[in-house]
Amino acid sequence: MADYHTVYKGPEGQTTQWDDIQRKMGNLPAKEPVKKADPFTPEREDTKNKNWIDGKAVDELEELADEFDDDRFLEQYRQERIEQLKAAQKQARFGTMEHITRGDFVQQVTNAGEDVYVVVHLYKDKVADSAMLGECLTELAKKHPQTKFVKIISTECIPSYPDKNVPTVLIYKDTKCLQHLIGLGPFGGPRTTPEQVAISLNRFGPLCRQEGEENTPLSMQDVRELIKTLLIQQSEKVNENESDD
């Protein structure tokens with residue numbers, strides 16, 4: 001006849017008084033510590049406010065197009081934040097005068113990107129006016145990183161390009177050449193400065209304007225400086241002609 005008996009167990013980790021006595025006497029191994037489950041902590045949901053939006057990148061914000069359908073204020077702020085981030089990316093895109101070769105021209109100039117202005121300086125080392133204009137353009141490149149400034153040897157860009165036309169500046173945007181400026185004349189002559197070069201470039205678009213000024217016309221101060229430069233240039237030509245006579 002089988003010997004059936006029932007074993008009763010208490011909660012995990014609970015022992016009998018007899019087991020405790022046996023452990024004290026060394027007849028039983030030490031009791032293993034009871035493993036306790038980690039307390040349940042509900043997942044905290046981030047508060048979606050302006051600070052939460054500020055912590056998102058452009059692509060993340062664009063994916064949240066339907067997130068604030070019931071909050072017009074945050075939806076407007078999301079859109080404004082996207083525009084700010086994109087403007088900042090565009091603003092910091094360049095910032096130096098980059099030397100390119102003929103093989104780079106299409107990629108670096110023609111296909112520079114949508115809405116990107118590119119100033120191309122065709123130069124020759126032996127032409128003094130090239131060096132002067134190059135210094136001005138290099139300074140402007142640092143001040144206006146939203147515009148791309150590149151330089152290329154004139155005859156490498158255009159074979160047999162005459163030195164008398166050096167320096168030449170080409171202005172590109174959206175795959176098209178908008179303007180070509182030959183010599184220092186368009187920039188105020190041999191006494192030109194970075195400020196005068198900037199004014200001249202701004203006649204063809206917001207190439208050298210600060211953030212927020214992209215769509216503003218030339219200021220009266222800019223116009224006065226440009227007129228002053230042209231008058232000085234005209235006076236110098238008259239003096240040169242008189243001295244020749």
Side-chain angles (χ1 to χ4, degrees), residues 87-88 90-100 108-110 112-125 127-154 157-158 161 163-241:
K90 182 179 178 181
Q91 190 77 6
R93 189 179 300 181
F94 309 111
T96 60
M97 168 69 82
E98 183 178 354
H99 184 275
I100 64 172
Q108 296 291 334
V109 178
T110 310
E114 185 178 0
D115 293 331
V116 175
Y117 282 96
V118 186
V119 176
V120 185
H121 178 206
L122 275 59
Y123 77 99
K124 269 287 187 68
D125 287 331
V127 178
D129 288 352
S130 264
M132 177 180 292
L133 184 59
E135 291 178 2
C136 294
L137 293 173
T138 298
E139 184 172 332
L140 293 177
K142 297 176 183 178
K143 292 182 178 180
H144 306 283
Q146 79 280 5
T147 297
K148 187 172 186 177
F149 288 80
V150 300
K151 63 179 181 179
I152 182 172
I153 297 173
S154 59
C157 181
I158 306 173
Y161 194 70
D163 288 351
K164 67 179 181 179
N165 290 344
V166 177
T168 293
V169 169
L170 309 177
I171 300 175
Y172 271 77
K173 183 189 178 188
D174 295 335
T175 73
K176 297 178 180 179
C177 182
L178 304 181
Q179 192 70 32
H180 64 278
L181 308 170
I182 297 175
L184 292 180
F187 304 104
R191 296 181 182 178
T192 190
T193 64
E195 292 73 23
Q196 291 175 337
V197 173
I199 292 172
S200 297
L201 293 176
N202 284 340
R203 289 182 294 160
F204 310 106
L207 285 84
C208 299
R209 306 210 182 158
Q210 300 299 328
E211 185 177 0
E213 298 179 343
E214 287 80 2
N215 297 318
T216 58
L218 287 175
S219 66
M220 289 302 299
Q221 181 63 28
D222 288 345
V223 174
R224 292 191 189 99
E225 288 292 334
L226 189 58
I227 293 174
K228 179 181 177 181
T229 299
L230 294 175
L231 289 175
I232 292 174
Q233 183 179 345
Q234 184 177 7
S235 176
E236 290 176 346
K237 287 184 178 179
V238 170
N239 293 335
E240 289 178 0
N241 293 334

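For this chain, numbers begin at 1 and follow the sequence in order.
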Testing the basics here: between Ala198 and Cys208, what is the closest heavy-atom pair and its distance to 0.1 Å?
CB-CB, 3.8 Å

Start with the C-alpha gap between Tyr123 and Ile153, add the side-chain angles, then the distance that decides, and say whether side chain to side chain contact (heavy atoms under 4.5 Å, CB included) holds.
CA-CA 5 Å; Tyr123 77 99; Ile153 297 173; 3.6 Å; yes

Val169 versus Leu137: any side-chain heavy-atom pair under 4.5 Å?
yes

Which atom pair, heavy atoms only, marks the closest approach of His121 to Pro167?
NE2-CB, 3.5 Å

Write down the atom of Asn202, the atom of Leu207, and the distance for their closest heavy-atom approach.
OD1-N, 3.5 Å

What distance do Leu181 atom CG and Leu133 atom CG have between them, rounded to the nearest 0.5 Å?
9.5 Å

Would you say Lys148's side chain and Glu98's backbone share a donor-acceptor pair under 3.5 angstrom?
no

Working to the nearest 0.5 angstrom, can you tell me the gap between Leu178 CG and Phe204 CZ?
9.5 Å

Any side-chain hydrogen bond (donor to acceptor under 3.5 Å, both in side chains) involving residues 165-179? Give me the pairs, sequence neighbours left out, ordered by first then second residue.
Tyr161-Thr168

Residue pairs fulfilling side-chain hydrogen bond (donor to acceptor under 3.5 Å, both in side chains) with at least one residue in residues 127-139, sequence neighbours excluded:
Glu139-Lys143

Residues which pass side chain to side chain donor-acceptor pair (under 3.5 Å) with Thr193, listed by chain and number, not counting sequence neighbours:
Glu195

Separation of Ile100 CD1 from Ile152 CD1 (nearest 0.5 Å)
4.5 Å

How long is the straight-line distance from CD of Gln146 back to OH of Tyr117, given to the nearest 0.5 Å?
10.5 Å

Salt bridge (charged side-chain N to carboxylate O under 4.0 Å, His left out) partners of Lys142, counting only residues at least two apart
none

Donor-acceptor pair, side chain of Thr192 and main chain of Phe187, under 3.5 angstrom:
yes

Under the side chain to side chain donor-acceptor pair (under 3.5 Å) test, which residues partner Lys151, sequence neighbours left out?
none

Using the salt bridge (charged side-chain N to carboxylate O under 4.0 Å, His left out) criterion, which residues pair with Asp163? Sequence neighbours excluded.
Lys124, Lys126

Can you check whether Val166 reaches Leu122 side chain to side chain, under 4.5 Å on heavy atoms?
no

Tell me, yes or no, whether the heavy-atom count around His180 atom NE2, taken from other residues, nucleotides or ligands under 6.0 Å, exceeds 12.
no

If we only count heavy atoms from C-beta on, is the Leu201 to Leu140 side-chain gap below 4.5 Å?
yes

